[in-house]
Every structure is written in C-alpha cells, then in structure tokens.
Amino acid sequence: MPETRFFGRVLRPCTHDMQNILAIIKESCLLIDDVLRLNGPPRMKHGDKIQTALATVAAQVERGRGLMEALNACAHAASGDCRAFDPALLCARAALLAERGLRLRQCGLEIILPENSPCLNASGFAFLRAVHGALESVAAQSAPGDRARLELAFPAGGGAEVRIGAQNSRAVPQADDDLKDAVRQCGGALREEEGALALSFPAESVQ
C-alpha cells in the first residue's frame with residue numbers, strides 16, 4: 001500500500017537520526033565518567049550519585065538503541081525493501097516492539113531462535129505484523145505472571161514455523177482479522193492451538 005510505503009520511507013531516516021542522538025548521549029556519559037575518574041581521591045562531591053545516574057542513563061540509552069533498531073527494521077519492511085529476510089532477526093525485532101505491551105500485562109517472554117536461520121521469501125512487513133499480533137493475542141489470554149514463549153523452527157520436512165504460546169494457559173488464543181490478514185499477506189498459514197498460535201510457511205518460501 002502507498003500509505004505503508006510512505007510510513008516506511010519517513011520512519012527509516014528518523015530512526016537513523018535517533019540512533020545518532022543516542023550515540024551522542026552515550027559518548028557524553030562516558031566523557032563525564034572519565035572526568036570523574038580522573039579527579040581521583042578526594043572524590044568530587046556527590047561523585048557516586050553522579051556515576052549512579054550515568055549508569056542509569058547508559059542502560060536506558062542501550063534500551064533506546066534496541067527499540068530504534070526494531071523500528072528501523074519495521075521501516076525497511078514497510079517501505080517494500082524487505083522481500084527476502086532473516087526470520088530470526090524479524091522475530092527478535094517484533095518481540096522487542098511487543099515488550100511494553102507484554103510488560104503491562106505482567107507477562108514475561110522467552111525467545112528461542114536457531115543459530116543459523118535461512119532467509120524467508122515473503123513480505124517482511126506482513127511477517128512482522130503477524131508475529132507481533134500473535135504475541136499480543138497470546139498475552140491477552142495469559143494470566144498475570146505467566147510467560148509467553150516465541151519459538152522459530154525449520155522442520156525436517158521443509159518450511160518454517162513460528163510458534164507463540166503461554167506456559168500456563170490452555171485457552172485457545174483468538175486471532176483477530178488483522179492477524180489473519182497479516183499471515184495471509186506473507187503467504188503463511190495460521191493454526192489456533194491449545195494455549196498457542198502457530199504460523200507456518202511452505203518449503204518454497206524458505207531460501
């Protein structure tokens with residue numbers, strides 16, 4: 001869709017600029033930390049508090065960088081640049097984008113990805129939508145304190161499968177129309193199972 005491609009083209013350079021901003025903040029924190037250490041004993045007044053604050057800023061910068069990388073992957077996929085992609089990478093990006101929603105539902109997340117992942121020839125944007133939507137659907141069925149599990153596998157018979165389930169839930173997650181549409185657009189099939197959703201892709205889509 002033209003609107004989706006426009007979103008991708010606009011968001012892509014913005015994520016690069018945000019990465020640069022975060023890099024400047026990180027380098028500034030390192031510089032302040034170096035100055036504090038060079039000061040030596042007797043230490044600067046409130047130096048320990050400043051270093052604690054710097055460590056907090058550095059941790060948030062790293063979190064921000066991860067989110068920017070996930071948004072950048074989303075932007076590339078939306079702009080139509082992502083027709084053959086690493087499904088393990090996009091699964092990790094989708095999980096990162098869904099992290100806040102899971103946290104608000106008090107739902108943890110375990111991610112299991114293969115070390116070597118062949119490319120998937122499909123719509124990367126639709127794949128991201130599908131995995132993100134499946135994570136939200138499973139989390140919505142989970143009780144507070146439960147843990148979702150996202151697993152990518154390449155069965156011996158060929159193809160690829162993303163299975164997203166909850167450890168302690170036996171309810172069948174309900175896939176909404178948006179999720180079904182995303183799975184259809186990336187050439188996959190959706191199975192609603194006890195406590196899980198499975199997205200499968202045919203052997204011919206795996207490179």
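- Open room surrounds CG on Asp177; 12 or fewer heavy atoms of other groups in view lie less than 6.0 Å from it.
- Nearest heavy-atom pair across Leu109 and Ala95 is CD2-CB, 3.7 Å.
- Arg105 pairs by the side-chain hydrogen bond (donor to acceptor under 3.5 Å, both in side chains) definition with nothing, not counting sequence neighbours.
- The shortest distance between side-chain heavy atoms of Leu152 and Ile112 does not fall below 4.5 Å.
- In this structure, CG in Leu97 is found 10.0 Å from CG in Leu90, a value given to the nearest 0.5 Å.
- Partners of Phe127 by ring-ring contact (aromatic ring centres under 6.0 Å, His included), not counting sequence neighbours, listed by chain and number: Phe85, Phe201.
- Using modelled atom types, no side-chain atom of Gln106 and backbone atom of Leu104 make a donor-acceptor pair closer than 3.5 Å.
- Among pairs with a residue in residues 155-185, none fulfils ring pair (Phe, Tyr, Trp, His ring centres under 6.0 Å), at least two apart in sequence or across chains.
- What you find for Ala160 and Leu120 is that their closest heavy atoms are CB-CD1, 4.2 Å.
- Every salt bridge (charged side-chain N to carboxylate O under 4.0 Å, His left out) that Glu194 has, sequence neighbours left out, goes to Arg170.
- Under the rule for a side-chain hydrogen bond (donor to acceptor under 3.5 Å, both in side chains), Asp176 has no partner lying at least two apart in sequence or in another chain.
- For Asp86, the side-chain hydrogen bond (donor to acceptor under 3.5 Å, both in side chains) criterion is met by Ser117, not counting sequence neighbours.
- Sorted by first and then second residue, the side-chain hydrogen bond (donor to acceptor under 3.5 Å, both in side chains) pairs involving residues 140-167 (not counting sequence neighbours) are Asp146-Asn168, Arg149-Glu151, Glu161-Arg191, Arg163-Glu193.
- The shortest side-chain heavy-atom distance between Gln51 and Asp33 falls under the 4.5 Å cut-off.
- Taking CD1 of Ile111 as the reference point, atom SG of Cys91 lies at 8.5 Å (rounded to 0.5 Å).
- Between Val57 and Gln60 there is no side-chain heavy-atom pair separated by less than 4.5 Å.
- Counting heavy atoms from C-beta on, the side chains of Leu197 and Leu179 come closer than 4.5 Å.
- Taking Ile, Leu, Val, Met, Phe, Trp and Tyr as hydrophobic and joining them when side-chain heavy atoms fall under 4.5 Å apart, one finds Leu96 in a cluster with Leu67.
- Here salt bridge (charged side-chain N to carboxylate O under 4.0 Å, His left out) pairs that include residues 54-65, with residues two or more places apart or in two chains, are Lys26-Glu62, Glu62-Arg65.
- Atom NE2 in His132 sits 10.5 Å away from atom CG in Asp178 (nearest 0.5 Å).
- The side chain to side chain contact (heavy atoms under 4.5 Å, CB included) check on Ile21 picks up Met18, Ile25, with sequence neighbours excluded.
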